[in-house]
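The structure appears right after this line, and notes come after that.
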Amino acid sequence: ATPDPLYTVDSPNVVYTDSTIKTKYTYRTTSVTKSANGPYVASPKETVYDFQVDRAVGRVGMMLVGWGGNNGSTVTAGIIANRRGLLWDTREGKQAANYYGSVVMASTMRLGIDSATGNEVNLPIHDMLPMVHPNDLVIGGWDINSMPLDKAMDRAQVLEPTLKELVRAEMALMKPLPSIYYPDFIAANQEDRADNVLDGARACSAHVEKIRQDIRDFKTKHELNKVIVLWTANTERFADIIPGVNDTADNLLKTIKTGHEEVSPSTVFSVACILENAPFINGSPQNTFVPGVIELAEQHRAFIGGDDFKSGQTKMKSALVDFLINAGIKLTSIASYNHLGNNDGKNLSSQKQFRSKEISKSNVVDDMVASNDVLYKKGEHPDHTVVIKYMPAVGDNKRALDEYYAEIFMGGHQTISMFNVCEDSLLASPLIIDLVVVAELMTRISWRAHVDGAADKDYKGFHSVLSILSYMLKAPLTPPGTPVVNSLAKQRAALTNILRACVGLSPESDMTLEHKLF
Ligand code: NAI
Ligand code: DG6
């Protein structure tokens, strides 16, 4: 049953029915033109949209590719612990399950101003619209390694032994489905894990069908309304984009039939999900979404999102660089070092897989630099280096060291050094939850535009590429031809303001004029 909302909107533009929330919303932007030698001309622009949110969430499945990995086993144990309201002993005392690190579950957004006190009223993001509760997710997935989830969480060395004992029996029943293994795509040092693989060296077509069947079976077995699939398996090498091979949907589908060597396992998963209309999210950096996949998703109006969880170092980077450049400080270099000792680190010690991660970690400042032509000439860019080293001893406790070097007033310099230590999987797991919860929500939101005062006949969904997920991702995929936004603050504002739009509330401007005017 859908729980009663924590608030309702009182507006002639918002209509609640048992099954939907319908909203008429005016989207206001500023259109800018420039004549040959004249100044810019900024013109306010308004577009009227109707939004419709289906209120019934239904039963939702989350299928993880790489379920037996550090992230997969950690997020599974975490959800079980929350679902059962577990409490366990640690050397610091009792610890209760929580969803810290999940922007949806553990952060709040402003609903408005209390009319009696003038104070802000804030609500958990999860309560802004009907969303699946992570405790209700039915979890399953695939792994090329056969280890059941209880042993996988031991191997991960992330969770406290006392917590593990409380979830062990349930985790022992969870066994990953066999998966697709094309050895060329992940590091050679992963070979000894591959004991749970689908037959057929490059039987891509059969593999697409098998994954589709797995999704259908999972849905039937657990009586689910929908399944969201998320790749949290090893980082793959980039696939070459080859005209005639993976550049269009048709070519990709033909290529899958021939088992071409540039079709990666993650691309096979994405195609299977698109054909099954299951949203597919890529939590790793490789170019799973070759142009043919994006076109296929658009053709099927299926949802995809990626790439690469933005957990620690990059999240700090997309906040700090935004701050520096918006403060008028000229960032001139970033040196980012990481060392970690988990299996992700082991896989990334191989050059081609490291290269995928280097690319996704490096592009995160581009738009912020490009937005400020006072500090940067056209084409000018801060130096930026990314180093990752495998250091088995530190396990999942990744170390990230960053030095930001900047030019300040009158030729002065500012150096900011950061040393970030944390369990990588405990940062990534809540992101998996956020990605799944928001992706599921997007399957229930539709819109139509008003043209010349009349609404279009039909409602349709958002674009297949879910750029609304950018806050959780290092290298956000956006609809073809649209800009990438890396600023963490802007990414969060996009998310929260779209939620507000769906209930007919204007974006938060933070002007607080009511407190500033006489
Ligand atoms: P992990 O190495 O512990 O887990 C990956 C799992 O994927 C392994 O169990 C492996 O057997 C499995 N696997 C490999 N290829 C597969 C395939 N084709 N099909 C099914 N399973 C397959 O890695 P971890 O730490 O869980 O990270 C997972 C991914 O998330 C990595 O690509 C990592 O780079 C990425 N990531 C992790 C972040 C973090 O903070 N932990 C942040 C950003 C990205
Ligand atoms: C070392 O950088 C390993 C990686 O998998 C990262 O831990 C992961 O991509 C998280 O990176 P970040 O920059 O979001 O902390």
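Values reported hereafter were calculated over all heavy atoms of this structure, with side chains retained and with hydrogens, waters and symmetry mates removed. As the structure lists them, so they are numbered: ligands from 1, and atoms in each ligand from 1. Since we're looking at a predicted model, the values are computed, not measured. Starting from 1, each residue takes its place in the sequence as its number.
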Between the protein and ligand 1, which nitrogen or oxygen pairs come in under 3.5 Å, and how far apart is each?
from, atom 1, to, atom 2, distance (Å)
ligand 1, 2 (O), N234, OD1, 3.1
ligand 1, 2 (O), N343, ND2, 2.7
ligand 1, 3 (O), N70, N, 2.8
ligand 1, 3 (O), N70, OD1, 3.4
ligand 1, 7 (O), N234, N, 3.4
ligand 1, 9 (O), G69, N, 3.3
ligand 1, 9 (O), D143, OD1, 3.3
ligand 1, 9 (O), D143, OD2, 2.8
ligand 1, 9 (O), R193, NH2, 2.9
ligand 1, 11 (O), D143, OD1, 2.6
ligand 1, 11 (O), R193, NE, 3.2
ligand 1, 18 (N), I180, O, 2.7
ligand 1, 19 (N), S179, OG, 2.7
ligand 1, 21 (N), I144, N, 3.4
ligand 1, 26 (O), N70, N, 3.2
ligand 1, 26 (O), N71, N, 2.8
ligand 1, 27 (O), N71, ND2, 3.3
ligand 1, 32 (O), A233, O, 2.9
ligand 1, 32 (O), T235, N, 3.0
ligand 1, 32 (O), T235, OG1, 2.8
ligand 1, 32 (O), S284, OG, 2.8
ligand 1, 34 (O), T235, OG1, 3.0
ligand 1, 34 (O), D344, OD1, 2.8
ligand 1, 34 (O), D344, OD2, 3.3
ligand 1, 34 (O), K357, NZ, 2.8
ligand 1, 40 (O), S311, OG, 3.1
ligand 1, 40 (O), D424, O, 3.1
ligand 1, 40 (O), D424, OD1, 3.1
ligand 1, 40 (O), D424, OD2, 3.4
ligand 1, 41 (N), N71, OD1, 3.1

Relative to the ring of F269, is the ring of W231 parallel (under 30°), tilted (30 to 60°) or perpendicular (over 60°)?
perpendicular

Derivation of the side-chain hydrogen bond (donor to acceptor under 3.5 Å, both in side chains) call for N486 and D367:
CA-CA 7 Å; N486 284 297; D367 56 323; 3.1 Å; yes

Could you tell me whether R216 and E276 have a side-chain N and a carboxylate O separated by less than 4.0 Å?
yes

Go through the structure and list residues passing salt bridge (Lys or Arg N to Asp or Glu O under 4.0 Å) with E440, not counting sequence neighbours.
K226, R444

Cationic N near anionic O, under 4.0 Å, E508 to R492:
no

Residue from I432, V103, D308, I433 passing side chain to side chain contact (heavy atoms under 4.5 Å, CB included) with M472:
V103

Contact set, ligand 2, heavy-atom distance under 4.0 Å, ordered by chain/number, equals F309, K310, S311, G312, Q313, T314, N338, L340, D344, L348, K357, K361, I388, K398, D424, K474

Evaluate the ring planes of H413 and Y405, with Trp represented by its six-membered ring, and classify them as parallel (under 30°), tilted (30 to 60°) or perpendicular (over 60°).
parallel

All pairs passing ring-ring contact (aromatic ring centres under 6.0 Å, His included) where residues 164-221 contributes a residue, at least two apart:
Y182-H207, F218-H222

Centroid-centroid under 6.0 Å between H381 and Y376 rings:
no

